Amino acid sequence: MKNKILLLLLVIAQTVFGSNNLTENQKLATTCKVWGFLKYYHPNVADGSKNWDEQLFIILPEVEKAQTKEEFSLVLEKWIASQGEVKKYVATKPDSKVEHFTKNLNLKWLDDSKVFSKALSQKLKFIEENRFQGKQYYVQYGVHDASLLEFINEVKYPNFKWSDENLRLLTLFRYWNYVEYFFPYKYQMDQKWDIALNEMLPKFSETDSEMDFVLAMLEIVAKLNDTHASFSSFKMFEYFGDKWMSVNIKVIDEKMIVTSFQNDSLAKIDDFKIGDVITKIDKKTIGQIIKENKKYISGSNESAVLDKIYWVFVMGKSNTAEIEFIRDGNTSIKTIKRYSYKDLKIQFLEKEKWNILTDNIGYVNMGELTEADVPEMMEQLKNTKAIIFDIRNYPQGTNYAIAEYLNPKPKEFVKFTEPDLSFPSRYIWRKGIETCGKINPDYYKGKVVLLVNEKSISHSEYTAMTLQVAPNATIIGSQTAGADGANVRFEIIKGLPTSFTCYGVFYPNKKETQRIGIVPDIEVKQTIKGIQEGKDEVLDEAIRFINK
C-alpha cells in the first residue's frame, strides 16, 4: 500500500512539475535544427573548415546517451565549444535601400526552454547575432543563372545504404535544413515545418526497409505544398508499378476520365473510348486510391495534386488490370492491358503553332510557339479582332517578345524575393519591379485572351503574368499549378534527386502567386460531359467572350 502511494505521488509530481527527461524524438529533432543552424550560421562551420557530416555522426551517440534536458544541453554546449571561438563583431549599418522579407525567418526555437538550458540558448543566440558573413561553403547562387541556388560541397556517399541509420538521418537533416533556410514559401505550408520534422523522424530513424525510406522521402517532400517539389527513385516503380495504361486521364469528382490515348492502336485493343468514366481499378474506387496515395503527391493546391496524381492510376505492377467504367450511362467491368514504357510507344501529335479561327479570332499554341516565330505570328494575326494565347502547356520563352507587340509602353508585372545568404531564412526583395513591353504606338489593339488551367505551371504562370498586363487582356480557365519561380534541382545524396521552388514571385503589389496560382477573370472548368462531347469548354468560352 505504501509503495502504491509513493508511486501515485511520483506520477502526480511529474504531472504537476513536469519531467526533465527528453524523448528520442525531441533529441533528434533538436539536433537536426542545431546541426543545420550551425552549418549556415557558425563562422567556423559555414566556412567549410569542418567535416560537418562527420561531426553529426560523432555527436549522435552522445545525444542518445543524454536523458535529461540538462544532460542534452551540456552535450550540445561542449560540441559547439569544440568548433572554436565565435568572435563578436560590430554589425554594419543596414542598407536603408534594401527591403527584407521576413515571413520565413523563425529562430524562436533557439529560446526553447523545454529542451535547452538557459546557457545553451544564450550561446545559440550569440551565434545568430555574430553569424557568418563570408562566402557560404555549402550554398551559393548559380554560376550560370544568378537567380538559382546551388547546394554545393556536400559529400555524395556513392555507396549510400538505406540500412545505415546515420545516413538516413543525414538525408533527413540535410533536406529539412535546405527547406528551413532556402525554400521561399515555407511560411505557406499547410503543416509547420518543425511539426513535419517531429512527425517524420520515426519514419527515418526506425524504418524497416528501403521502400519505407523512399516512401518517407516522398511524404516529406509532398509536405512542401509545392508543385515544383519532387523526389525520385527507381524503388518507386516497385511500389507503384512500371506498367502503363494506354490512355491519358483527368480526375474529376473522384472519377477517372479518359481524355486521349497514349497509343491509338493499343487503346483500340482494350476498347477505350474518349470520355469513358473509370470508377474502380482492381476493385478499389478512385476515391480510395486518392486517399491512399495523396500524401505522396507534391502539389501547391488541390487542382495541381489531382493533375499530378495521374500516374498512380495509369501505372501498376501487373500486366493487366480490372476496371469498372461507365459508358453511355451503362456500368461495365473488363480487364485491360498495361504496357512497359518502351512497348507503349507514345504517339506525339504535331500541333499547329497558330491559326485564325472563325470570326477572325487568332489562336496561338504557346507550347509550340518559339521566340523566332513571334514576328511572323504577330504579322499574320495583327488584323484579327482578338488573339487567344493558350497557356495550358509549357511555353518556350516567348513572353517578353510577345509583350512588345501587345503594350503601348513598358508595364510593371512582377516582383521577386531572393535568399539572403548573410542571414539564412531571411529574404530580400529584389530591387525594382520587372517590366515587359516597350514604347510601341502601333501595338495590337484587339482583345487579348489567355487560357490557363492546372497544367499551367512555373514559366506558364510567369507567361500569364507577363501577358495579362496588356490592354484588354482577360484570363479564362481554372486555377493554375501555383508554383511560379525557378525550380532548383539537386541531389540530397548520390541517387536521391529532388527539387523545389527557389525564389519568390509576386505581383507588383506583393500579392503571392505561390499556391494561389494565376486567378482567372472568368472561371471555366472542363467537365465530364464536355470531354465526352469532344468539346474544349475553356476555348469555347473564350470565343463566346470575344464575340459577346
Side-chain angles (χ1 to χ4, degrees), residues 260 348-414 434-478 480 484 517-524 526 530 534-548:
S260 61
F348 297 98
L349 302 177
E350 287 191 19
K351 298 176 183 178
E352 276 191 297
K353 294 180 178 181
W354 71 85
N355 58 29
I356 297 178
L357 308 176
T358 55
D359 300 321
N360 194 32
I361 297 171
Y363 171 85
V364 182
N365 184 332
M366 295 290 282
E368 301 294 322
L369 189 77
T370 67
E371 190 173 358
D373 296 323
V374 172
E376 183 184 353
M377 178 271 292
M378 288 304 303
E379 177 63 25
Q380 290 189 19
L381 302 184
K382 67 180 182 181
N383 294 319
T384 56
K385 67 180 181 183
I387 302 178
I388 297 170
F389 293 96
D390 195 339
I391 321 178
R392 297 171 295 176
N393 44 46
Y394 200 84
Q396 300 188 46
T398 54
N399 52 320
Y400 285 104
I402 293 172
E404 293 188 352
Y405 290 90
L406 302 185
N407 294 290
K409 60 182 181 181
K411 296 283 188 70
E412 295 180 339
F413 76 101
V414 68
E434 187 83 9
T435 63
C436 62
K438 65 179 182 179
I439 300 295
N440 181 11
D442 192 30
Y443 71 96
Y444 180 75
K445 306 297 194 304
K447 288 183 178 179
V448 173
V449 175
L450 316 175
L451 308 186
V452 299
N453 66 2
E454 66 280 355
K455 293 190 180 297
S456 306
I457 178 176
S458 193
H459 186 62
S460 311
E461 296 173 290
Y462 189 71
T463 298
M465 292 177 72
T466 312
L467 303 186
Q468 77 177 130
V469 298
N472 298 319
T474 303
I475 299 179
I476 296 177
S478 56
T480 61
D484 215 333
I518 308 303
V519 179
D521 300 299
I522 300 172
E523 186 179 50
V524 182
Q526 201 171 15
K535 293 180 178 179
D536 185 338
E537 293 154 296
V538 179
L539 178 60
D540 292 346
E541 177 58 34
I543 294 170
R544 275 194 296 273
F545 169 76
I546 291 165
N547 288 327
K548 186 164 57 179

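Computed from a prediction, not measured in an experiment: that's the story for all the values here.
Listed here is the closest heavy atom pair of A372 and P375: O-CD, 3.6 Å. The shortest non-hydrogen separation linking L369 to Q396 is O-CB, 3.5 Å. Residues A403 and C436 approach most closely at CB-CB, 3.8 Å, considering heavy atoms. Residues I388 and A542 approach most closely at CD1-CB, 4.0 Å, considering heavy atoms. The shortest heavy-atom contact between T480 and G517 is OG1-CA, 3.1 Å. The two residues Y443 and P471 make their nearest non-hydrogen contact at CE1-CG, 4.0 Å.
Proximity of a side-chain donor or acceptor of N407 to a complementary backbone N or O of K409 within less than 3.5 Å is not detected. Between the side chain of N440 and the backbone N or O of E404, at least one donor-acceptor pair lies under 3.5 Å. Side chain of N360 to main chain of N383: a donor-acceptor pair is present (N/O by atom type, distance under 3.5 Å, no hydrogens or angles). A donor-acceptor pair under 3.5 Å is absent between the side-chain atoms of Y400 and the main chain of T435, judged by distance alone. The closest donor-acceptor contact from the side chain of S456 to the backbone of I391 lies under 3.5 Å.
In this pair, Y394 and H459 present their aromatic rings tilted. The plane angle is within the 30 to 60° band.
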Stepwise side-chain contact (heavy atoms from CB on, under 4.5 Å) test for E537 and E541: CA-CA 6 Å; E537 293 154 296; E541 177 58 34; over 6 Å; no
Given the rule in the side-chain contact (heavy atoms from CB on, under 4.5 Å) test, do N453 and V538 qualify, once you have shown the distances and angles that lead to the verdict? CA-CA 9 Å; N453 66 2; V538 179; 5.9 Å; no
Could you walk me through whether V448 and I387 pass the side-chain contact (heavy atoms from CB on, under 4.5 Å) test, one step at a time? CA-CA 5 Å; V448 173; I387 302 178; 5.6 Å; no
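The shortest side-chain heavy-atom distance between I361 and K385 falls under the 4.5 Å cut-off. Within the 4.5 Å cutoff, the side chain of E368 has no heavy atoms near those of the D373 side chain. You'll find the side chain of S478 stays beyond 4.5 Å of the side chain of V524, heavy atoms only. The side-chain heavy atoms of N393 and M366, taken from C-beta on, include a pair separated by under 4.5 Å. When side chains are defined from C-beta on, D359 does not count as touching I546, because their heavy atoms never get closer than 4.5 Å. P395 places none of its side-chain heavy atoms less than 4.5 Å from the side chain of F389. Using a 4.5 Å heavy-atom cutoff, the side chains of I402 and M377 are in contact. Within the 4.5 Å cutoff, side-chain heavy atoms of I356 are placed close to those of L381.
With hydrogens and angles left out, the side-chain atoms of Y363 and D390 include a donor and acceptor closer than 3.5 Å. For the residue pair K445/N472, the side-chain donor-acceptor check at 3.5 Å is not satisfied.
Rounding to the nearest 0.5 angstrom, the gap separating the CE atom in M465 from the CD atom in E434 is 10.5 Å. A distance of 10.0 Å separates CD of Q468 from OG1 of T474, quoted to the nearest 0.5 Å. Taking CG from L450 and OG1 from T466, the interatomic distance works out to 10.0 Å, rounded to the nearest 0.5 Å. A distance of 12.5 Å separates OG1 in T384 from NZ in K447, rounded to the nearest 0.5 Å.
A side-chain contact (heavy atoms from CB on, under 4.5 Å) with F545 is found for exactly one of D540, I476, D521, namely I476.
At most 12 non-hydrogen atoms from other residues, nucleotides or ligands lie less than 6.0 angstrom from CD of E371.
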